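Owing to the predicted nature of the structure, the values given are computational and were not obtained by experimental measurement.
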Amino acid sequence: MQTVMLTADQLDQAIAALKQGEVVAFPTETVYGLGADATNEQACQKIFQAKGRPADNPLIVHVLDQDGLEAVTGGRVPSTARILVEKFWPGPLTVVVASNDKIPLSVRGGMPTVAVRAPSHPIARKLIEGLGRPIAAPSANRSGRPSPTRALDVFHDLQGRVPFIIDGGESFVGLESTIVDCSLPEPVLLRPGFIGLETLESVLGQRVLLPGAHTPHKAPGMKYRHYAPQAPVIWINMREDRRIEETLSHLKQEFDPVALLAPQKWQDYPVSFFRVLGEGVDEVAHELFTGFRELDNKKPGAIVVIWPEDDSGVGLAVANRLGKAASRQVKE
């Protein structure tokens, strides 16, 4: 299969492909998605095939607005979901609600629920509007790899596996959406994202739970290892420079060459490859996946990330992604 790169001025080709049951990679404000008509089970199976994605890993269904949410819901929209979508849609928030039979069971990962969000990126919205139906779309990468924030990342992973990739520039957020299960009496934060736990609780005026060991896998990113480059990721979760330097010295002996993804202050540390991770947590969130991919292309023995864990705001999402990507974590 030949993969064709499209521009924002060539969306008619992409919409026609979606109507014909094909998959299209497209930009959203979070990361790039690989989309198909969410009501067409055969089309959505092409997503799983292109990504090498396990069949029990549900897809997120993208709609334009609250009317689109109600069109796929099996019953009334829960009050928690309604409050959240009124506040954050369109934007990087996904709600999990009971599903009707318009969305195939395979799209839902075998669950009676469906994960739904309304993207704010204009290209994503034009595709949904042009198709006239919701679009099911996970991140547009090979399963388990870092999510793509640029069209070139998608091409690297899915060249020859998908017919079209729309280049809409770099994703603004850089991490996947926040996912909240609103199908339960108390909402549960299934996947942290740009919209933090404290913000969710403030808007809802109630506690938002974190998933437990036996929480059903109703959303992407819960069951399988995700976000990992080919090189092993070592997360140095420390604040004291002396301890960090000692750890780096040991890692340089164990892995050769070493790639370092860290704040600017570490740029002169003697490693084979270095990339700035960022200073503020929002910048770290935006740069994490891009940093993984750029350093992985250099074929290091390991990618070492220096980032002291911060569970407030988007920091919880960064910790979640690093925890899933890392083969080892070194803490104080």
So does Glu29 pair up with Arg117, basic N to acidic O under 4.0 Å? yes
ring-ring contact (aromatic ring centres under 6.0 Å, His included) pairs, two or more places apart, involving residues 249-288: none
Please report the C-alpha distance between Tyr32 and Asp167 in whole Å, then the side-chain angles of each, then the deciding distance to 0.1 Å, and finally whether the side chain to side chain contact (heavy atoms under 4.5 Å, CB included) criterion is met. CA-CA 9 Å; Tyr32 272 68; Asp167 188 350; 3.7 Å; yes
Decide yes or no for Leu261 and Ile306: does some side-chain heavy atom of the first lie under 4.5 Å from some side-chain heavy atom of the second? no
For the residue pair Ile60 and Val116, establish whether any side-chain heavy-atom pair is separated by less than 4.5 Å. no
I'd like to check Leu59 versus Arg53 (side-chain heavy atoms, cut-off strictly below 4.5 Å). Are they in contact? yes
The test is side-chain hydrogen bond (donor to acceptor under 3.5 Å, both in side chains); show your working for Ser147 and Glu176 and say whether it passes. CA-CA 8 Å; Ser147 296; Glu176 304 86 352; 2.3 Å; yes
Where the side chain of Thr3 meets the backbone of Val162, is there a donor-acceptor pair that is under 3.5 Å apart? yes
Going by atom types alone, do Gln42 and Gln45 pair a side-chain donor with an acceptor below 3.5 Å? no
Donor-acceptor contact present, side-chain Thr247 to main-chain Arg243, <3.5 Å: yes
One should read off an interatomic distance between Leu93 CG and Thr178 OG1, to the nearest 0.5 angstrom, of 6.0 Å
Test log, rule side chain to side chain contact (heavy atoms under 4.5 Å, CB included), inputs Met5 and Phe155: CA-CA 8 Å; Met5 298 284 280; Phe155 189 80; 4.1 Å; yes
Judged by atom type as modelled, is there a donor-acceptor pair below 3.5 Å linking the side chain of Asn237 to the main-chain atoms of Pro308? no
One should read off an interatomic distance between Leu158 CG and Met1 CE, to the nearest 0.5 angstrom, of 10.5 Å
Salt bridge or not for Glu287 and Arg275, using N-O below 4.0 Å? yes
Between Thr73 and Gly75, is there a donor-acceptor pair closer than 3.5 Å when you use the side chain of the first and the backbone of the second? no
Residue pair Val330 / Trp235, side-chain heavy-atom distance below 4.5 Å: no
Regarding Ser183 and Thr113, do their side chains bring together a donor and an acceptor under 3.5 Å, going by distance alone? no
Is the shortest heavy-atom distance from the side chain of Pro192 to the side chain of Leu189 under 4.5 Å? yes
Please check if the side chain of Asp256 supplies one atom and the backbone of Gly301 the other of a donor-acceptor pair under 3.5 Å. no
A side-chain contact here means heavy atoms from C-beta on lying under 4.5 Å apart; do Leu251 and Arg328 qualify? yes
Determine, for Glu201 against Arg207, whether the closest basic-nitrogen to carboxylate-oxygen distance falls under 4.0 angstrom. no
Hey, is Lys265 close enough to Asp241 for a salt bridge, meaning N to O under 4.0 Å? yes
How many angstroms lie between CZ in Phe172 and NE2 in His121, if you round to the nearest 0.5 Å? 11.5 Å
Looking at Asp153 and Thr149, would you say the former's side chain and the latter's main chain have a donor-acceptor pair under 3.5 Å? yes
Electrostatic pair Asp310:Arg239 at N-O distance under 4.0 angstrom: no
Below 4.0 angstrom, N of the basic side chain to O of the carboxylate: do Glu246 and Arg242 qualify? yes
Determine whether a donor-acceptor pair (N or O, by modelled atom type, separation under 3.5 Å) exists between the side chain of Glu198 and the backbone of Gly313. yes
What residue among Ile128, Leu6, Ile135, Ile165 forms side chain to side chain contact (heavy atoms under 4.5 Å, CB included) with Phe26? Ile135
Tell me the closest heavy-atom pair linking Glu309 and Ala319, and the distance in Å. OE2-CB, 3.7 Å
Could you go step by step and tell me if Val107 and Glu41 meet the side chain to side chain contact (heavy atoms under 4.5 Å, CB included) rule? CA-CA 7 Å; Val107 174; Glu41 185 166 16; 5.8 Å; no
Please give me the minimum heavy-atom distance between Cys182 and Thr80, naming the atom from each residue. CB-OG1, 3.4 Å
Residues Ser177 and Thr30: side-chain donor-acceptor under 3.5 angstrom: no
Drop me the distance from Lys51's NZ to Arg142's CZ, to the nearest 0.5 angstrom. 9.5 Å
I'd like to know if Lys46 pairs up with Glu22 as an ion pair, taking the criterion as any Lys NZ or Arg NE/NH1/NH2 lying under 4.0 Å from an Asp or Glu carboxylate oxygen. yes
Can a salt bridge be assigned to the pair Arg150 and Glu170 using a cut-off of 4.0 Å between side-chain N and carboxylate O? no
Can you check whether Pro232 reaches Ile303 side chain to side chain, under 4.5 Å on heavy atoms? no
Restricting to non-hydrogen atoms, name the atom on Trp307 and the atom on Gly315 that form the minimum distance, rounded to 0.1 Å. CH2-O, 3.5 Å
Any salt bridge linking Asp157 with Arg293? Criterion: basic side-chain nitrogen under 4.0 Å from a carboxylate oxygen. yes
Hey, what do you get for CD1 (Ile166) to OG1 (Thr7), rounding to the nearest 0.5 Å? 9.0 Å
Tightest non-hydrogen contact, residues Pro300 and Ala231, listed as O-CB, 3.7 Å
Closest approach of Ile123 to Gly168 (non-hydrogen atoms, all atoms of both residues): CD1-CA, 3.9 Å
Go through Leu316 and Arg191 one step at a time and tell me if the side chain to side chain contact (heavy atoms under 4.5 Å, CB included) criterion holds. CA-CA 9 Å; Leu316 184 63; Arg191 184 177 72 188; over 6 Å; no
Do Val154 and Val24 sit in one hydrophobic cluster, given that two such residues count as connected whenever their side-chain heavy atoms are within less than 4.5 Å of each other, even indirectly? no
Roughly how far, to the nearest 0.5 Å, is the CD1 atom of Ile103 from the CZ atom of Arg108? 8.0 Å
May I ask you to decide whether Arg133 forms a salt bridge with Asp37, counting only side-chain N to carboxylate O separations under 4.0 Å? yes
Scanning both residues in full, the closest heavy-atom pair of Ala228 with Pro146 reads O-CD, 3.1 Å
Counting C-beta onward and ignoring hydrogens, is there a side-chain heavy-atom pair between Ile179 and Val96 closer than 4.5 Å? yes
If you draw a 6.0 Å radius around CD in Glu129, do more than 12 non-hydrogen atoms from other residues or ligands fall strictly inside? no
Do we see a donor-acceptor contact under 3.5 Å between the side chains of Arg145 and Ser139? no
